[in-house]
Amino acid sequence: MADLKDFAEQLVNLTVKEVNELATILKDEYGIEPAAAAVAVAAGPAGGGDAEEAQTEFDVILKAAGSSKLAVVKLVKELTGLGLKEAKGLVDDAPSAIKEAVSKDEAEALKTQLEEAGAEVELK
């Protein structure tokens, strides 16, 4: 049972890039289309936290690519380390998480870069 808890903890803490790699492996090697699982993992653990706690980790959510879609795709590719196809998929599937559980400073910097490229971005 402890092994399953450890496995669940690992899944919940995957980065966007790791979730995309896992989805590719599941699809290519096992024929499983993991769309629902990827959304569940990307959403993080369920349940509410203490409202008094200060938020220390932020998710950078791409709401829309805007008029400069190509520039946004290139920037998402650069920021996430994904391949061009995966970055385009993230942009096409907006709203989507670009980075998760990052510091406020990093989240603000990413938001600024994406907005300068023409994207609509939200921090959660």
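Start at 1 with the first residue, then count along the sequence. Only this structure's heavy atoms are used, side chains among them; waters, hydrogens and symmetry mates stay out.
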Report task. Mind listing the closest non-hydrogen atom pair of S68 and A117 along with its distance? Result -> CB-O, 3.3 Å
Query raised in the report: What's the spacing between I98 CD1 and L110 CG if we round to 0.5 Å?
Result: 9.0 Å
Query raised in the report: In terms of hydrophobic clustering (I, L, V, M, F, W, Y; side-chain heavy atoms under 4.5 Å; direct or indirect links), are V76 and I61 co-clustered?
Result: no
Report task. Taking all heavy atoms of A65 and all of V91, pick out the closest pair and write down the distance. Result -> CB-CG1, 3.5 Å
Query raised in the report: Taking only residues at least two apart or on different chains, which pairs with a member in residues 80-98 satisfy side chain to side chain donor-acceptor pair (under 3.5 Å)?
Result: K69-D92, K88-D92
Query raised in the report: Which residues satisfy the salt bridge (charged side-chain N to carboxylate O under 4.0 Å, His left out) test with K77, sequence neighbours excluded?
Result: none
Query - Residue pairs involving residues 104-124 (criterion side chain to side chain donor-acceptor pair (under 3.5 Å); sequence neighbours excluded) - result: none
Query raised in the report: Taking C-beta and beyond as the side chain, do L62 and V72 meet within less than 4.5 Å on heavy atoms?
Result: yes
Report task. Identify whether L114 and F58 are in the same connected component of the hydrophobic contact network (ILVMFWY, side-chain heavy atoms under 4.5 Å). Result -> no
Report task. Please list, chain by chain and in numerical order, all residues satisfying side-chain hydrogen bond (donor to acceptor under 3.5 Å, both in side chains) with E9, sequence neighbours excluded. Result -> N13
Query - Counterpart residues, side-chain hydrogen bond (donor to acceptor under 3.5 Å, both in side chains), relative to K99 (two or more places apart) - result: none
Query raised in the report: With a 4.5 Å limit on heavy-atom distance, are the side chains of K74 and L70 in contact?
Result: yes
